[in-house]
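Worth saying up front: this structure is predicted, and the values here are computed from it rather than measured. Within every chain, numbering begins at 1; the chains are lettered A, B, ... in the order of the sequence lines, protein sequences first and strands thereafter.
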Amino acid sequence: MLQIRDLHGYYGKSHILQGIDLDVGEGEIVSLLGRNGVGRSTTIKAVMGEVPPQGSIKFKGKEIAGLKTHDIARLGIGYVPENRDIFPTMTVEQNLLLGMKKANQTGRWSIEDMYEMFPNLRARADSLGDVISGGEKQMLTMCRTLMGDPELIMIDEPTEGLAPKLIEQVGKLLATIAERGLSILLVEQKLTIALKISHRIYIMGHGKIVFEGTPEDLRNNDDIRKEWLEV
Amino acid sequence: MDILIFSLFNGILYGMLLFMLSSGLTLIFGMMGVLNFAHASFFMLGAYFAYQISKFVGFWPALIIAPVVVGVIGAIVERYGLRRVHKFGHVAELLFTFGLAYVIEEAVQMIWGKVPVSYHIPEVMNFTLFSLYGLEYSAYRVFMLLVAVSMFVALFFLLTRTRVGLIIQGALTYPNIVASLGHNVPLVFMMVFGLGCALAGLAGVLAGNILGTEPGMAIQLGPIVFVVIVIGGLGSLNGALVASLFIGIMQTTAVSYDVSMNGFLNVIGVQVDFDSAWRMLVDLTVAQISPILPYLLLTLMLIVRPRGLFGVRDV
């Protein structure tokens, strides 16, 4: 589904991504882990074309490096940025509607699906985007991206700063997403839900991939965990 | 009282005219961060185009055609000018629009000359609709007001009730996210720029025959439009409406009053010496200081509240 080869990326003059190789297969949940500032977010921003990528990024066999962000999204890649930016002047429902790529699009997800998964959002349907809670914002950003019916969804730190109960909810949503056949690229700092739900895990350090394997491999590899993840 | 009502009416009219100019400017600024110095030049183009077109087919077709032509020119300027300059930063963009304003002004002078052209109110509208306290109010002014109000309603509807409006609203706050949801943000920018220019052009069509259609009209009105969007809050349509009406009413009512500080002081029993240095200051009438008021407000607003009345971010 997604195939990244020798990806380099720069912020101004600093060389953030130094040759990333990464694959996400069809229906696969892949986690990209690492400490703050190692380039995880930059990697998915490069895939979205928000950071100019150098190297090869293929989606369903088509080279997408160099395309415009909205064209990449229209090919079927969904992106949930980490800052949970909800459009403040729009209602919750309008935020969801804006996630749809066309007015009369029918895809895997309907607004009704979202409300069933998150009854909170239904109760808040007419509230403005800037008055809902942090947890609701996180759910809404994910649901908003799903409304665009992506085949691959890249999610940046969905559990950061959330209470354990909400983290569990995020995990459940990711499982539901995978059930419907989507591929997921999950970016996380901690192992919170990654070990439980991922098929494969990558760990980044200093702009490079330093580990690739199954959750089982990572569980058995104390050195890697200590060196690249734990504080 | 009669003067007050009359100038209030004129103030609202002038305010709605300002709103037609400032709504486009503030939307463009809110989305792209571009302060378009040439915005009032599109207002001038509207007036000249209307003059030229109405010579052939009359005022009514010109009312529609001229703003559309101005809008198309605006869209072309965004697509092939501004978008290319964008990568060099805001200063380059500012200089670009600054230069553009002069290009348009000189071009207008080359084509239509330096003296005002005879762009007149359409005959059918050139009559007194009603009189208030002996002051006559022309049908054309009422028509202008109607067009301005309908434009506001249409714009409001477009932005809050349509899908395109949602995308525009989204791009005002988080353009990156709107793009990542699969919406063509550069296309939206071009459309908004064109729409903003078309609105300025419409204002030119409506006001050119009252204010006079001449090459200096853009420079005359340009600065006051900046005052409006700073006071209203950059990027805020509601703010632009409130500030437009406020500035419009303030300017039209202030010029009709001869009240001075001295008069007020006399009433409360304070006498200022004729030779005192203060004398000149307190003798100034409201009418005399009215031209400086908006700009004073602009500077004070930037010091006290840089985001304006309804703005969400600082200048």
In terms of heavy-atom pairs under 4.5 Å with chain B, which of A:Pro88, A:Gly148, A:Ala103 leads?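 Option with the greatest count: A:Ala103.
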Give a yes or no on whether [X] atom [atom1] has more than 12 heavy-atom contacts from other residues, nucleotides or ligands under 6.0 Å away.
| X | atom1 | result |
| --- | --- | --- |
| B:Tyr295 | OH | yes |
| B:Phe246 | CZ | no |
| B:Phe156 | CZ | no |

Rounded to the nearest 0.5 Å, what separation is found between the CG atom of B:Leu181 and the CZ atom of A:Phe87?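 The distance works out to 5.5 Å.
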Can you name the closest pair of heavy atoms from A:Leu97 and B:Leu166 and give their distance? CB-CD1, 4.3 Å
List the atom of B:Ala179, the atom of A:Ala73, and the distance in Å for their closest heavy-atom pair.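 Heavy atoms only, the tightest pair is O-CB, 4.0 Å.
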Chain B contact via A:Met147 - side chain, backbone, both or neither, heavy atoms under 4.5 Å: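 Neither; nothing under 4.5 Å.
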Check each atom of A:Ile86 against the heavy atoms of chain B and say whether the ones under 4.5 Å are side chain, backbone, both or neither.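 The backbone, not the side chain.
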So which donor and acceptor atoms of chain B and chain A come within less than 3.5 Å of each other?
| residue | atom | partner | partner atom | Å |
| --- | --- | --- | --- | --- |
| B:Arg163 | NH1 | A:Leu97 | O | 3.1 |
| B:Arg163 | NH2 | A:Met100 | O | 2.4 |
| B:Gln169 | OE1 | A:Thr89 | OG1 | 2.8 |
| B:Gly182 | O | A:Arg74 | NE | 2.6 |
| B:Gly182 | O | A:Arg74 | NH2 | 3.2 |
| B:His183 | NE2 | A:Leu98 | O | 2.7 |
| B:Asn184 | OD1 | A:His70 | NE2 | 3.2 |

